[in-house]
Amino acid sequence: MTTFKALTIAGSDSGGGAGIQADIKTFQELDVFGMSAITAVTAQNTLGVHGVYPVSVEAVVKQIEAIGSDLGTDALKTGMLFSSDIIEAVSEKIKQFKWTRVVVDPVMIAKGGASLLQNEAVNALKQHLLPLALVITPNIPEAEVLADMTIHNLEDRKKAAKHLHRLGAKHVIIKGGHDVDSENLVDILYDGEEYTYLTSKRIQTKNSHGTGCTFAAALTAELAKGQNIQAAFKEAKNFIQVAIEDDLGIGNGHGPTNHWAFKRRKELNSLV
Ligand SMILES: Nc1ncnc2c1ncn2[C@@H]1O[C@H](COP(=O)(O)OP(=O)(O)O)[C@@H](O)[C@H]1O
Ligand SMILES: Cc1ncc(COP(=O)(O)O)c(N)n1
């Protein structure tokens, strides 16, 4: 049996709902062997971010080299990268190891408002990492920053996707979680020619901590297994939908999603 592998280069969330922890859980649930390079440690729970402690560039590079020189990976995702120095170093390593199945989740601000990317690092992200992305997965506020425009509606989102494609990302997914005025939730994918829309019902919940990380990790896992972007997009959307639906109700604030839900439902369905 082939063992598919995926690497996450991201921050640690002590609360377990986002960041490295969400990524590894998602990889595992989708039958992909998960590996990590940690860029920053955050002291975080469902109530917010209580501390951010970046890891040295040297330590980030060493972690990636340890994986690249031995295990290799079938796909990778980036999440919280924090600084332009880390972004540049990560980009160099992606090039060195000739990794192409690269998902860039341009994490900027935690749901509670804490900054997970320094302002001056946005340019580094655009210049160095975006051109290496097979797919970039911003939420609406992140797409606004990267495309340098305001997004009011779906047409604006399509324009922003085109802009990010021009900057070098081969595919652009702009997620719709922040479009809180609409009852349905639409995620869009642009491949340079056509748009694909995935629509789901908006679930009313305060427990959406880590949705972006989990979605991007599911996408990465499917790409690691050799799926094409369209198929990976659909599976990632299904994964996050049920993870939000079956939330765990833990913590006193914005709780995590349920990373078990997708596999458990699949197993239940195969029993009946
Ligand atoms: N309330 C919700 N109901 C259903 N799906 C959601 C909800 N909120 C977010 N999602 C889904 O979770 C994923 C992450 O969305 P979003 O919240 O936009 O990103 P981020 O977590 O990066 O801010 C997307 O696939 C989006 O469609
Ligand atoms: C370490 C880390 N990385 C990313 C996020 C963003 O979380 P979300 O997926 O909810 O946008 C987070 N809160 N913490």
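The distance from atom CD1 of Ile24 to atom CD of Glu29, rounded to the nearest 0.5 Å, is 12.5 Å. Distance check: Glu222 CD to Lys234 NZ gives 12.5 Å after rounding to the nearest 0.5 Å.
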Item to check | Full working for side-chain hydrogen bond (donor to acceptor under 3.5 Å, both in side chains) between Ser12 and Gln21 | outcome: CA-CA 7 Å; Ser12 162; Gln21 287 77 359; 3.0 Å; yes
Next on the checklist: Could you go through Thr196 and Gln230, starting from their C-alpha distance and side-chain angles, then the distance that decides it, and tell me whether this counts as side-chain hydrogen bond (donor to acceptor under 3.5 Å, both in side chains)?
Outcome noted: CA-CA 8 Å; Thr196 305; Gln230 294 279 347; 3.0 Å; yes
Item to check | Stepwise side-chain hydrogen bond (donor to acceptor under 3.5 Å, both in side chains) check, Lys111 with Thr211 | outcome: CA-CA 10 Å; Lys111 294 232 162 66; Thr211 51; 3.1 Å; yes
Next on the checklist: Set out, in order, the CA-CA distance, both residues' side-chain angles and the distance that settles side-chain hydrogen bond (donor to acceptor under 3.5 Å, both in side chains) for His254 and Ser208, then state yes or no.
Outcome noted: CA-CA 6 Å; His254 295 284; Ser208 60; 5.4 Å; no
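Side-chain atoms of Asp105 and Thr137 form a donor-acceptor pair, as typed in the model, at a separation below 3.5 Å. With no hydrogens or angles considered, a side-chain donor-acceptor pair links Asp247 and Asn207 at under 3.5 Å.
Within 6.0 Å of CD in Gln28 there are 12 or fewer heavy atoms belonging to other residues, nucleotides or ligands. Crowding of Lys225 atom NZ: a count of heavy atoms from other residues, nucleotides or ligands under 6.0 Å exceeding 12. Summarising the local packing, NZ of Lys62 is surrounded by 12 or fewer heavy atoms from other residues, nucleotides or ligands at distances under 6.0 Å. In Glu58, the CD atom is not crowded: 12 or fewer heavy atoms of neighbouring residues, nucleotides or ligands sit closer than 6.0 Å. For CG of Asn153, the number of neighbouring non-hydrogen atoms (other residues, nucleotides, ligands) closer than 6.0 Å is greater than 12. More than 12 heavy atoms of other residues, nucleotides or ligands lie within 6.0 Å of CG in Asn228, so this atom counts as buried by the packing criterion.
Annotation for Ala40 and Met80: closest pair CB-CE, 3.7 Å, computed over non-hydrogen atoms. Minimum heavy-atom separation, Ile240 to Thr257: CD1-CG2, 4.4 Å. Here the closest heavy-atom approach between residue His209 and residue Gln44 is recorded as CE1-OE1, 3.2 Å.
Using a 4.0 Å cut-off between a side-chain N of Lys or Arg and a carboxylate O of Asp or Glu, Asp31 and Lys263 qualify as a salt bridge. Between Lys266 and Glu235 there is a salt bridge, since at least one side-chain N of the basic residue sits less than 4.0 Å from a carboxylate O of the acidic one. Classification of Asp23 and Lys77 as a salt-bridged pair holds, one side-chain N sitting under 4.0 Å from a carboxylate O.
Because its NZ or CZ atom is not both nearer than 6.0 Å to the ring centre of Tyr190 and within 45° of the ring axis, Lys158 does not count as a cation-pi partner of that residue.
Checking each of Arg202, Arg157, Lys237, Lys175 against Asp187 for a salt bridge (Lys or Arg N to Asp or Glu O under 4.0 Å) leaves exactly one that passes, namely Lys237.
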